[in-house]
Amino acid sequence: MRQTGAVHVVLRRDSQGISLIPLADDGTDLPGSRTIVAAHLPGVVAEYEAEHRPRWVWDDTSRWYPALLAARVRVERCVDLRLSHTILRNSALTRDSDLARSPPSDWDAPAVVPRADPDATLFDLAFGSGTSLRPASTVGAVVSPGATPVAPSAAGSAGPGRADPDVDPATDPVLEFRNQRAAIAGSGASGSLGLLLAAESAGALIAAEMRFAGLPWSVERHNTLLTDLLGARPAPGRRPANLEALLARVRAELDSPELNPDSPTELLRALRRAGLVVTSTRSWDLQRINHPAIPPLLEFKKLSRLLSANGWHWVDTWVADGRFRPDYVPGGVVTGRWATSGGGALQLPKQVRGAVVPDAGWKLIVADAAQLEPRILTGLAGDQRMAEAGRGDLYEGIVASGAVATRAEAKVAMLGAMYGATTGESGRLLPRLARAYPKALALVEAAARAGERGEIVSTRLGRSSPLPGADWRLAQRDAADVGASEADRKRALSHARSWGRFTRNFIVQGTAAEWALCWMGALRNRLWALEDGSATLVERPHLVFFLHDEVMVHAPAHLAEAVATEVRAAAEDAGRLLFGAMPVSFPVTVAIVDSYADAK
DNA sequence: TACCCCAGCGCG
DNA sequence: AAAGCGCGCTGGGGTA
């Protein structure tokens, strides 16, 4: 890999514009620091990117990167200081660092996502600091124009990072970067932590790029789909015809002409008045009841859900120019999984996936990591026998080993092991799984016991679970008191067990999230390398969707097979990155399709 | 009016 | 033949 010039370049908003501050790996100053006006940033970043391929260091990817992408500038790598800070703040590996011992700061606050402001320019949204960078200064004199660098200061810890008296030390990315490098260096696990932070930061780039590119969405197909199921789009405030008809049947059968089925209490009352024994209005519970009102009611619930969650209003709000652009939130879940904000991108029902279609001449490549979490557990535990069972279909392999009789049993038992099932079929099968795969089961059991004691557990790369909350500790304390009642002890035990199920799952879900980040990061690099030339991100094969253990690439049709190959290769990359020589396999199913609905 | 919580259901 | 993890969103229903 070509590596000239600075390894890291910090971007910092200063009173005079934006400073670019080159730093060595350990955070010490390198020559070449300069300050530019915000409007020049994309051009300057593009220059650096072409010449030095630095790792950009910034406070929030979601704040800097969208405007760069809008200016057709893609960066190869970055350090997202806020996401990194959160990991280092909580990791057991860095618990003795200055960073972890310092009081909460601005770096612990959630990212400030710039909200749409009709009067703000693109650059205000991305780079405006609110005080030091109002439009007047943006259009003013260039502080340090073009390629003329500001005179470099001598290398040392007190260089450009403190040169600007207007920079608040509490939010200075240079100081924060140095703190983080020190925490990593002192952790004794700089390899895995470094990989984790690189993967997390790559994820932040991908999240911004996926939002920029958008998920190809056919409003027309979506409308057809809705109309077939619900009837034509109704006037505002009215129900579609099919829904209205179903509701009429339900009301008639329950003899409740005014019934609002969206109100659980009202519905429960109506069902009881009709002589039914019900304690909830959940579809799953209602299914078992034999009454003529139930089938239309279940159908109504299903379609009503579609209408409210992904109906015409949803399309109007979230789909524009043939693209669905959700707000991805990397690290939004404690386990390290992504969350989304708005649009419900991680809950796209199968019902509407037919509306996800590629552009003309393009394909969607949909890939799914098969049985990811059990395989992650295999690697975490170093369970050779489970690795052996997982050479093909893992569940069939478990059956072949003689542990259980059917594939369905193997699946239920594995889920129970990872979630902490105690009763039912899953709980019943667990001992048999434990006999066949003692190493794997011992690992999740140990994580559960740690959680029950209120301790922290960590993923493969070093993301640690939070401590239980105040009410949890209170419950344990009350139960330990001499005057504790039986109810107190039961409550404490229930809390403890519950937290144990969380920590049990945390190590698996969290390590799976790390695997997925490595998979996507590797895939992103591989996709970029597929084509040369000046084509921008969305003119090349690019990621458009991510769903925990599933990715989607939008690519020109002639490259679809090549993309499929890279997707598989990237999965192998991820397995090696996390588990090294451990022979655990991560097969992926890949579908090249003209609609998301046609994948698996 | 604004906000919070719950029930229910979608996804992995 | 169904209880065990992690989420976000909607509509109802309550409170301030």
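The chains referred to below are lettered A, B, ... by the order of the sequence lines, with proteins before strands, and numbering in each begins at 1. This structure is a prediction, so every number in the text was calculated from the model and none was measured.
Within the nucleic acid shown, A:Leu348 comes within 4.0 Å of sugar-phosphate atoms alone, with no base atom in reach, counting heavy atoms only. Within the 4.0 angstrom heavy-atom criterion, no nucleotide atom of any strand lies near A:Trp338. Nucleic acid contact class of A:Arg428 (heavy atoms, under 4.0 Å, all strands): none. Backbone-only engagement by A:Asn260 is indicated by non-hydrogen atom pairs under 4.0 Å involving sugar-phosphate atoms exclusively.
Looking at A:Trp472, its side chain does come within 3.5 Å of a backbone N or O of A:His495 through a donor-acceptor pair.
Put simply, CZ on A:Arg269 is 15 Å from C1' on B:dA7, counting in whole angstrom units. A straight line from NZ of A:Lys411 to P of C:dA1 spans 19 Å, rounded to a whole angstrom. Separating the CG atom of A:Leu346 from the P atom of C:dT10 is a distance of 14 Å, rounded to the nearest angstrom. Distance, A:Lys302 NZ to B:dG8 C1': 13 Å, rounded to whole Å. B:dG10 atom P lies 13 Å from atom CG of A:Leu229, rounded to whole Å. We find that CG of A:Leu430 is positioned 12 Å from P of C:dG4, with the value rounded to whole Å. When the P atom of B:dG12 is taken as reference, atom CD of A:Glu373 falls 12 Å away, rounded to whole Å. One atom, CG of A:Leu429, and another, P of C:dA3, lie 14 Å apart when rounded to the nearest Å.
A:Thr265 has a side-chain polar atom (N or O) that falls below the 4.0 Å cut-off from OP1 or OP2 of C:dG13. Distances shown here put every side-chain N or O of A:Thr422 at or beyond 4.0 Å from the OP1 or OP2 atom of C:dA3. In this model, the phosphate group of B:dC9 is approached by a side-chain N or O of A:Lys301 to a distance below 4.0 Å at OP1 or OP2. Checking the phosphate oxygens (OP1, OP2) of B:dG12, a side-chain nitrogen or oxygen of A:Lys350 falls inside 4.0 Å.
Using bins of under 30°, 30° to 60° and over 60° for the plane-to-plane angle, the ring pair A:Trp515/A:Trp519 lands in the tilted bin. Ring pair A:Phe545/A:Tyr596 is perpendicular by interplanar angle, where above 60° counts as perpendicular and below 30° as parallel.
The salt bridge (Lys or Arg N to Asp or Glu O under 4.0 Å) analysis of residues 334-348 of chain A, with sequence neighbours excluded, yields the pairs A:Arg337-A:Glu373.
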Taking only N/O atoms, report every protein-nucleotides 5-9 of chain C pair under 3.5 Å with atom names and distance.
from: C:dC5; atom 1: OP1; to: A:Arg501; atom 2: NE; distance (Å): 2.9
from: C:dC5; atom 1: OP1; to: A:Arg501; atom 2: NH2; distance (Å): 3.4
from: C:dG6; atom 1: O4'; to: A:Gln509; atom 2: NE2; distance (Å): 3.1
from: C:dG8; atom 1: O4'; to: A:Gln347; atom 2: OE1; distance (Å): 3.0
from: C:dG8; atom 1: N2; to: A:Arg305; atom 2: NH2; distance (Å): 3.4
from: C:dG8; atom 1: N2; to: A:Gln347; atom 2: NE2; distance (Å): 3.1
from: C:dG8; atom 1: N3; to: A:Gln347; atom 2: NE2; distance (Å): 2.8
from: C:dC9; atom 1: OP1; to: A:Gly342; atom 2: N; distance (Å): 2.1

Taking distance alone, no hydrogens or angles, what donor-acceptor pairs closer than 3.5 Å link side-chain atoms of residues 296-303 of chain A to residues at least two apart or in another chain?
from: A:Lys301; atom 1: NZ; to: A:Thr281; atom 2: O; distance (Å): 2.8

- Yes or no on ring pair (Phe, Tyr, Trp, His ring centres under 6.0 Å) for A:Trp217 and A:Trp314, after CA distance, side-chain angles and deciding distance? CA-CA 12 Å; A:Trp217 198 281; A:Trp314 179 88; 5.0 Å; yes
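A:Tyr419 places none of its side-chain heavy atoms less than 4.5 Å from the side chain of A:Ser426.
Remark: C:dG4 base-pairs with no nucleotide; criterion is Watson-Crick or G-U wobble with both hydrogen-bond distances under 3.5 Å.
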